[in-house]
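Taking it in order: structure first as structure tokens, then the write-up.
Residue numbering restarts at 1 for every chain, and letters A, B, ... go by the order of the sequence lines. The basis for the numbers below is simple: all heavy atoms, side chains too, and nothing from hydrogens, waters or symmetry mates.
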Number of protein chains: 2
Amino acid sequence: MKFNFMINLHNKTYTCPVDVSLSFIRGKWKVLILFHLHYFQKRSYSEIRDNLPGISEKVLAQQLKELERDGMITKHLRTRKPLRVEYALTDLGRSLSPMLEFLSQWGIEYLKTNGIDYLQDQHLYK
Amino acid sequence: MKFNFMINLHNKTYTCPVDVSLSFIRGKWKVLILFHLHYFQKRSYSEIRDNLPGISEKVLAQQLKELERDGMITKHLRTRKPLRVEYALTDLGRSLSPMLEFLSQWGIEYLKTNGIDYLQDQHLYK
DNA sequence: CCGCCACCCTACTTTTTGGTAAGCTCTTTC
DNA sequence: GAAAGAGCTTACCAAAAAGTAGGGTGGCGG
């Protein structure tokens with residue numbers, strides 16, 4: 001039983017629907033950004049940046065742009081005079097929420113079985 | 001509200017549990033391999049290869065090794081005389097099944113809203 | 001005994017991705 | 001009016017990931 005045929009979409013080729021899904025979340029920080037927005041609903045540029053320790057401005061701006069282009073997030077101009085923006089998930093982005101939650105829970109579980117209690121630690125560090 | 005502290009595990013640093021989860025499935029083909037094994041239960045090296053059009057033997061062997069090292073899959077020696085092996089998900093690997101199913105369904109949905117009926121096409125190509 | 005297939009491995013190159021550092025506008029704050 | 005912060009951009013460089021091309025063993029089928 002084989003079904004190795006290709007899917008063509010947006011001038012790219014995918015091996016299967018999973019591959020299509022993955023194309024949206026590839027990139028070191030994308031899922032983290034999506035999870036962040038899932039968790040906080042609306043966030044400014046600097047709020048996202050400050051909660052992703054290690055990300056560079058270049059990469060952040062880049063991935064935000066790609067996520068916006070792909071219809072996963074929106075960028076809302078709050079004020080133009082002092083430039084203030086707000087990022088949030090779109091409906092499409094929100095449709096990934098179950099996965100984002102799953103990844104978070106799975107990670108917490110994995111840490112627990114490896115002797116790290118994330119929730120307790122979170123409490124310690126706050 | 002901020003909680004930017006780090007998690008240390010296996011000599012690496014993670015920003016949050018989601019990041020921990022992601023570390024297991026990074027790589028262009030890993031999720032595809034996992035989904036494949038989720039779908040077929042047991043598969044040989046060449047069965048996996050033939051169902052991932054475009055993957056090189058180098059990368060396949062590499063990612064299989066990493067997945068094995070990370071406890072996601074097992075490699076079972078079926079026969080030694082003619083070397084025949086069988087890859088399958090471990091319990092840990094199987095614990096990702098909900099996500100694998102989700103990614104597949106999400107991709108199918110996405111394709112549908114973009115005018116591609118995957119199931120129908122699958123029928124056509126088989 | 002020739003070739004093919006399963007099951008890889010290795011050296012090397014290319015591509016992709018991410019990081020560094022700096023700069024720029026506008027605005028509020030001291 | 002200097003500094004600092006939001007929200008970026010750009011040029012350049014490094015690292016990571018993936019691709020290419022070949023090699024190798026050991027059956028098995030003809």
For A:Tyr45, enumerate each residue passing the side-chain hydrogen bond (donor to acceptor under 3.5 Å, both in side chains) test, keeping only those at least two apart in sequence or located in another chain. A:Glu57
Measure the distance from [atom1] on [X] to [atom2] on [N] and round it to the nearest whole Å.
X       : N      : atom1 : atom2 : answer
A:Arg78 : D:dA6  : CZ    : C1'   : 11 Å
B:Lys65 : C:dC8  : NZ    : P     : 8 Å
A:Leu32 : C:dT17 : CG    : P     : 17 Å
A:Leu60 : D:dC8  : CG    : P     : 9 Å

Distance check: side-chain N/O of [X] vs OP1/OP2 of [N], anything under 4.0 Å?
X       : N     : value
A:Lys75 : D:dG7 : no
B:Arg49 : C:dC8 : no
B:Ser44 : C:dA6 : no
A:Tyr87 : D:dC8 : yes

Please list, chain by chain and in numerical order, all residues satisfying side-chain contact (heavy atoms from CB on, under 4.5 Å) with B:Lys58, sequence neighbours excluded. B:Ser56, B:Gln62
Please determine whether the number of non-hydrogen atoms from other residues, nucleotides or ligands lying under 6.0 Å from atom CZ of A:Arg69 exceeds 12.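 Result for CZ/A:Arg69: enclosed.
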Strictly under 4.0 angstrom, non-hydrogen atoms only: write out the protein contact profile of nucleotides 25-30 of chain C, one letter per nucleotide from the 5' end, B, S or -. -SSS--
Nucleic acid footprint by protein, nucleotides 13-22 of chain D - heavy-atom cut-off 4.0 Å, B for base, S for sugar-phosphate alone: -----BBB--
Assign the ring pair A:His36 / A:Phe40 to parallel, tilted or perpendicular, where the plane angle (0 to 90°) is split at 30° and 60°. tilted
Pairwise salt bridge (charged side-chain N to carboxylate O under 4.0 Å, His left out) hits with a residue in residues 104-116 of chain A, at least two apart: A:Glu109-A:Lys112
Could you note down all residue pairs passing salt bridge (charged side-chain N to carboxylate O under 4.0 Å, His left out) where residues 22-32 of chain B supplies at least one of them, sequence neighbours left out? B:Asp19-B:Arg26, B:Lys30-B:Glu66
Side-chain contact, heavy-atom cut-off 4.5 Å: A:Val85 with A:Thr79?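 No, every pair of side-chain atoms sits at 4.5 Å or beyond.
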